[in-house]
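Below is one structure, written out as structure tokens; comments come after it.
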2 protein chains.
Amino acid sequence: MYSKISETPIFKGISSDEISNILNSTHHQIKTYEAEAIIAFSGDECNNLFVLIEGSIRGEAIDYNEKIIKIEDVFAPDTFAEAFLFADQNNLLINIVANTKSKILIIHKEDLLVLFQSNKKILENYLNIISNRFVLVTKKLKFLSLRTIKAKLASHFIELSKKSKNNTIFFGKTQAELADYFGVTRPSLARTIKEMKDEGIIEVPGKMIRIIDYNKLKKLIE
Amino acid sequence: MYSKISETPIFKGISSDEISNILNSTHHQIKTYEAEAIIAFSGDECNNLFVLIEGSIRGEAIDYNEKIIKIEDVFAPDTFAEAFLFADQNNLLINIVANTKSKILIIHKEDLLVLFQSNKKILENYLNIISNRFVLVTKKLKFLSLRTIKAKLASHFIELSKKSKNNTIFFGKTQAELADYFGVTRPSLARTIKEMKDEGIIEVPGKMIRIIDYNKLKKLIE
DNA sequence: CTCAATTTGTAACACTTGTTACATTTCTTT
DNA sequence: AAAGAAATGTAACAAGTGTTACAAATTGAG
């Protein structure tokens with residue numbers, strides 16, 4: 001079990017022996033949930049760090065019309081709901097439900113603070129996790145605030161082209177997946193890609209995207 | 001100066017005397033910038049915490065077409081750019097420019113980590129700041145992902161109504177400001193408000209909004 | 001290789017929002 | 001109280017996206 005815990009982002013770089021010592025001197029709980037058990041409710045105060053040791057959980061949002069929307073799956077070994085812990089408004093925005101039988105290490109926020117003070121590595125790991133999550137959300141926010149599909153596509157292609165060669169991007173997702181990521185419909189995305197082809201901005205050989213006119217592409221953003 | 005520092009969120013609840021002690025035993029810099037001086041460039045690695053003691057700074061984004069867009073102003077006493085510090089990808093996404101002559105306390109991330117370990121209050125404050133920022137951005141993201149203006153307005157009204165009485169909301173902003181916050185144009189927002197009036201969902205007496213049909217309002221949110 | 005499933009291309013039409021323009025109302029200042 | 005500024009109401013039209021439907025192409029399993 002300790003080796004599983006050492007694979008979670010927050011205990012990364014800490015040996016199983018150390019984890020054993022840490023848990024001996026830190027107040028904590030280990031709980032097991034059956035499949036489909038509700039681990040925490042939307043609206044609950046979140047005062048504990050959850051470390052998923054075994055199994056898989058999902059987050060479910062409930063919209064104003066009581067419709068359930070699956071947000072994301074988390075698979076062991078990982079942590080979840082960690083970013084709300086120290087916020088003033090620390091109520092969960094989603095239900096946490098076990099997908100499969102799951103074992104979870106639970107550490108209260110006060111105990112976690114004590115742990116942070118005695119173990120620099122865990123503190124660094126935690127700061128790293130929530131900072132990365134913040135950067136991710138901020139980038140997504142910036143992206144979503146682009147008005148048109150063309151602008152989003154252009155921004156996406158430019159970002160990908162930074163990490164690739166020959167101005168050629170490998171199109172790793174299906175159009176349906178990309179459309180979903182963009183928050184638009186699949187036919188609309190396809191239409192936009194076609195327009196960019198027609199305008200001579202890109203070529204689409206097979207599963208690749210080749211950028212022909214980088215300047216035109218940049219002008220599409222904003 | 002120490003009393004100014006004690007008013008920043010990260011040194012909140014710490015006396016001037018304590019701050020004096022802390023700074024004596026913590027490696028740091030205090031720099032002064034003239035108005036319009038560039039404090040940090042977009043793309044720079046961000047390895048320092050910036051504590052604004054005097055003056056005011058602004059963040060400026062530069063889009064793909066080299067156009068400058070003002071993001072936000074920060075006024076002393078406060079901190080800024082703190083959420084990127086411990087992220088893997090810790091490059092600034094904006095330029096930081098002094099609006100007025102400004103005095104800034106700069107603490108390197110390594111020194112800050114040491115400080116976190118010796119001072120629980122500062123650690124708590126920092127976790128609180130970035131967590132709150134994360135919650136804010138997450139909510140904004142959720143909000144932006146609502147498709148129509150009507151859905152955004154409905155969500156906004158419902159959130160506000162939770163904090164008010166009689167189903168009556170005080171409309172604190174002008175339509176132009178609200179439209180900007182929503183990322184839509186002012187005439188479009190006005191049209192949507194009119195539609196909601198015509199549909200008998202709300203009444204708009206003066207600067208107030210009164211919710212008439214709460215159920216219809218909820219159904220507008222996707 | 002073949003057939004079924006998946007993915008992609010495309011079109012017509014409806015809906016939502018942006019754009020522009022101007023009238024009307026409300027607020028501010030003198 | 002009057003004049004000017006700011007905010008709001010409204011309309012016509014353009015642009016962009018969603019919806020629905022179906023055909024064509026590609027992929028995967030047997």
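Lettering follows sequence order; numbering is per chain, from 1. Below, all heavy atoms of this structure are taken into account, side chains as well, without hydrogens, waters or symmetry copies.
Between the CD atom of A:Glu177 and the P atom of C:dT7 there is a distance of 7 Å, rounded to whole Å. Between the C1' atom of D:dT8 and the NZ atom of B:Lys173 lies a distance of 18 Å, rounded to the nearest Å. Rounded to whole Å, the distance from CD on A:Glu195 to P on D:dG16 is 8 Å. Between the C1' atom of D:dT17 and the CG atom of A:Leu146 lies a distance of 16 Å, rounded to the nearest Å. In this structure, the CE atom of A:Met196 is 16 Å from the C1' atom of D:dT17, given to the nearest Å. Look at NZ on B:Lys150: it is 14 Å from P on C:dG18, rounded to the nearest Å. Atom pair B:Asp180:CG and C:dG18:C1' shows a separation of 15 Å (rounding to whole Å applied). Taking atom CG of residue B:Leu189 and atom C1' of nucleotide C:dT19, one finds them 16 Å apart after rounding to whole Å.
Using modelled atom types, one side-chain atom of A:Asp44 and one backbone atom of A:Phe41 make a donor-acceptor pair closer than 3.5 Å. No side-chain donor-acceptor contact under 3.5 Å links B:Asn95 to the backbone of B:Ile38. Looking only at distances, a side-chain donor or acceptor of B:Asn90 sits under 3.5 Å from a matching main-chain atom of B:Cys46.
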Classify every nucleotide of nucleotides 9-16 of chain C by which part a protein heavy atom approaches to under 4.0 Å, writing B for the base, S for the sugar-phosphate alone and - for neither, in 5'-to-3' order.
BBB----S

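Classification of the A:Phe80-A:Phe50 ring pair by plane angle, with boundaries at 30° and 60°, yields parallel. Using a 30° and 60° split on the angle between ring planes, B:His156 and B:Tyr181 fall in the tilted class, from 30° to 60°.
Between its opening and closing five pairs, the helix from C:dC1-D:dG30 to C:dT30-D:dA1 changes axis direction by 50°, a value rounded to 10 degrees.
Within the 4.5 Å cutoff, the side chain of A:Leu123 has heavy atoms near those of the B:Leu123 side chain.
Sorted by first and then second residue, the side chain to side chain donor-acceptor pair (under 3.5 Å) pairs involving residues 1-13 of chain A (not counting sequence neighbours) form an empty list.
Across all strands shown, A:Thr174 has heavy atoms under 4.0 Å from sugar-phosphate atoms exclusively, and none from any base. Here A:Lys207 lies in heavy-atom contact (under 4.0 Å) with sugar-phosphate atoms only.
Within the 6.0 Å centre-distance limit, the rings of B:Phe143 and B:Phe182 are counted as a close aromatic pair.
Remark: of the listed residues A:Leu49, A:Ile10, A:Val51, A:Leu112, A:Leu49 is the sole one forming a side-chain contact (heavy atoms from CB on, under 4.5 Å) with A:Glu82.
Taking 4.0 angstrom as the limit, A:Ser188 places a side-chain polar atom (N or O) nearer than this to OP1 or OP2 of D:dG18.
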